[in-house]
Protein chains: 2
Amino acid sequence: MTEIIIHGIPGSPYVRTPLLVCEEKGVSYTLAAMAFGTGAHKAPEHLARHPFGRIPAMEHGDFRLYETQAIARYIDRAFDGPALTPADPKAAARMDQVLNIVDWYVMPSITSAIGFNRVIKPIFGMPADDDAVAAAIEPARTCVKALEDILGGKAYFAGDRVSLADLSAVSHLDFLATTPEGADMMAGSPLLGWLERMAERPSVAKTTMHRMMNLPEPAAA
Amino acid sequence: MTEIIIHGIPGSPYVRTPLLVCEEKGVSYTLAAMAFGTGAHKAPEHLARHPFGRIPAMEHGDFRLYETQAIARYIDRAFDGPALTPADPKAAARMDQVLNIVDWYVMPSITSAIGFNRVIKPIFGMPADDDAVAAAIEPARTCVKALEDILGGKAYFAGDRVSLADLSAVSHLDFLATTPEGADMMAGSPLLGWLERMAERPSVAKTTMHRMMNLPEPAAA
């Protein structure tokens with residue numbers, strides 16, 4: 001079987017999502033690692049794979065694809081293994097909704113502001129932008145509340161089985177409770193139980209940011 | 001059959017996409033119109049439908065949903081009528097890719113910068129931000145090139161039949177050639193033929209921005 005190749009920076013949440021999809025489906029893949037902070041994503045070699053210079057980009061034989069959601073859905077559709085998209089339209093709609101909440105609202109607040117300043121920058125000895133973190137608190141709280149409302153009493157966002165929604169959201173949320181601001185906004189949240197369920201999955205344990213970056217796992221805040 | 005209700009501002013490209021999906025599927029719907037520039041999208045009544053205060057939001061009986069992609073996919077999955085998602089995984093991947101190119105790259109450059117300043121603001125007598133337009137030219141050109149590459153020699157982005165990709169992209173691109181900057185970057189583009197094919201569809205003719213806003217149609221630049 002032709003192997004999936006994912007080009008991207010190890011530790012990136014957007015790169016992690018397709019790796020999680022491969023792990024959950026039992027699909028063989030290679031992560032073609034690009035270095036952080038070297039401008040590799042703007043090099044001509046990568047722009048040929050992704051004209052907007054983002055990560056990840058996928059190759060499957062001669063089929064090339066960029067955009068994380070498209071890659072995740074492709075791997076789910078094209079391979080055997082457990083379906084990661086619910087058959088019921090309403091359940092699938094909740095999955096789609098979470099995928100887009102992650103892109104539109106979680107990414108700028110939780111990922112780019114809180115995560116980047118509180119988790120990534122310290123690893124590289126870069127100073128945190130506390131103003132950016134402060135400005136992200138309210139939008140991040142809105143994300144947490146919106147995701148709690150969608151999760152409701154279910155085990156996973158789209159029902160009683162894991163879907164692409166969980167694999168996307170966990171890539172962006174699993175470090176949040178390790179930051180002071182995230183620990184505060186997630187105190188008592190049902191998302192903590194969901195995060196525990198997700199952390200028990202071999203796919204999630206194998207692809208943590210710290211493991212992908214060959215760093216020791218942090219303790220919870 | 002329970003009718004679809006779409007809450008949103010008439011003329012908004014993101015509101016147009018689910019209307020196009022309803023039209024193509026033959027699904028009965030009501031557009032619950034919100035006024036432009038009145039802050040209606042941040043009012044408690046709307047925040048109860050969409051906690052992030054964006055548009056559109058959908059109701060289908062007691063099922064409430066926000067996020068345009070999720071609404072479009074839901075209407076496609078939940079109703080009879082022509083399938084707007086290809087069965088082939090590679091074709092579906094091209095559809096998904098275009099949906100996300102629109103969200104990530106077309107929206108900030110073509111829609112929010114060029115379209116808002118060259119099309120929307122003049123309607124309301126607001127001064128254009130020429131710096132914002134100038135800054136959007138190169139990203140917009142990258143969008144046009146990326147979409148041309150995906151379209152290739154096909155009639156539509158995902159193959160020989162219209163898909164959600166076309167209905168999303170046409171909502172954001174159909175005014176572009178009416179702006180001086182857009183006319184320049186689209187000169188000779190195969191996207192012009194695609195736009196002509198799309199304009200011939202009754203769904204597209206019925207939902208133009210100008211028609212939704214009860215304004216006369218503009219002439220091409």
Side-chain angles (χ1 to χ4, degrees), chain A residues 14 47-48 50-54 57-58 60-79 85-109 138-139 141-150 158 164-165, chain B residues 14 47-48 50-54 57-58 60-79 85-109 138-139 141-150 158 164-165:
Chain A
Y14 277 112
L47 289 174
H50 194 319
F52 299 95
R54 301 276 183 101
M58 185 202 82
H60 182 212
D62 60 4
F63 186 66
R64 288 179 155 209
L65 186 64
Y66 59 88
E67 280 308 304
T68 303
Q69 276 200 36
I71 295 169
R73 293 176 192 271
Y74 173 74
I75 297 168
D76 187 32
R77 288 189 178 108
F79 290 90
T85 302
D88 173 71
K90 288 187 172 67
R94 292 296 172 225
M95 179 192 90
D96 294 331
Q97 186 177 28
V98 169
L99 287 170
N100 289 288
I101 287 172
V102 167
D103 280 355
W104 280 105
Y105 314 113
V106 171
M107 165 68 176
S109 60
E138 273 314 301
R141 283 190 187 280
T142 305
C143 291
V144 167
K145 174 69 165 59
L147 292 172
E148 287 172 356
D149 287 348
I150 293 172
L164 298 179
Chain B
Y14 277 112
L47 289 173
H50 194 320
F52 299 95
R54 302 275 184 101
M58 185 201 82
H60 183 212
D62 61 3
F63 186 66
R64 288 178 154 210
L65 185 64
Y66 59 87
E67 280 309 303
T68 303
Q69 276 199 37
I71 295 170
R73 293 177 192 272
Y74 172 73
I75 298 168
D76 187 32
R77 287 188 179 110
F79 290 90
T85 302
D88 174 70
K90 288 188 171 68
R94 292 296 172 225
M95 179 193 89
D96 295 330
Q97 186 177 29
V98 169
L99 287 170
N100 290 289
I101 288 172
V102 167
D103 280 355
W104 281 105
Y105 314 113
V106 171
M107 166 67 175
S109 61
E138 273 315 301
R141 283 190 187 279
T142 304
C143 291
V144 167
K145 174 70 165 57
L147 292 172
E148 287 172 356
D149 287 348
I150 292 171
L164 298 179

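Chain letters run A, B, ... following the sequence lines, proteins first and then strands; every chain starts at 1. In what follows, every heavy atom counts, from backbone to side chain, and hydrogens, waters and symmetry copies are set aside.
- To the nearest 0.5 Å, the span separating OH on B:Tyr74 from CZ on A:Arg94 amounts to 9.5 Å.
- In this structure, A:Phe52 and B:Pro139 have side chains that are not in contact, with every pair of non-hydrogen atoms separated by 4.5 Å or more.
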Side chain to side chain contact (heavy atoms under 4.5 Å, CB included) evaluation trace for B:Ile71 with A:Gln97
CA-CA 8 Å; B:Ile71 295 170; A:Gln97 186 177 28; over 6 Å; no
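- Shown here for A:Ala93 and B:Ala70, the closest heavy-atom pair between the two residues is O-CB, 3.9 Å.
- Neither the backbone nor the side chain of B:Met58 comes within less than 4.5 Å of any heavy atom of chain A.
- Contact of the B:Trp104 side chain with the A:Met107 side chain is registered, since non-hydrogen atoms from C-beta on lie closer than 4.5 Å.
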Intermediate values then yes/no, side chain to side chain contact (heavy atoms under 4.5 Å, CB included), B:Ile101 and A:Tyr66:
CA-CA 9 Å; B:Ile101 288 172; A:Tyr66 59 88; 3.4 Å; yes
I would like to know whether B:Asp96 and A:Glu67 meet side chain to side chain contact (heavy atoms under 4.5 Å, CB included); could you show each step before the answer?
CA-CA 8 Å; B:Asp96 295 330; A:Glu67 280 308 304; over 6 Å; no
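- The parts of A:Asp103 that come within reach of chain B are both its backbone and its side chain, each placing non-hydrogen atoms under 4.5 angstrom from that chain.
- For chain A, the option among B:Thr142, B:Ile150, B:Asn100, B:Leu65 with the highest count of heavy-atom pairs below 4.5 Å is B:Asn100.
- Classified by interplanar angle (parallel below 30°, tilted 30° to 60°, perpendicular above 60°), the ring pair A:Tyr105/B:His50 is perpendicular.
- Side-chain contact between A:Asp88 and B:Arg77: absent, with no pair of heavy atoms (C-beta onward) separated by less than 4.5 Å.
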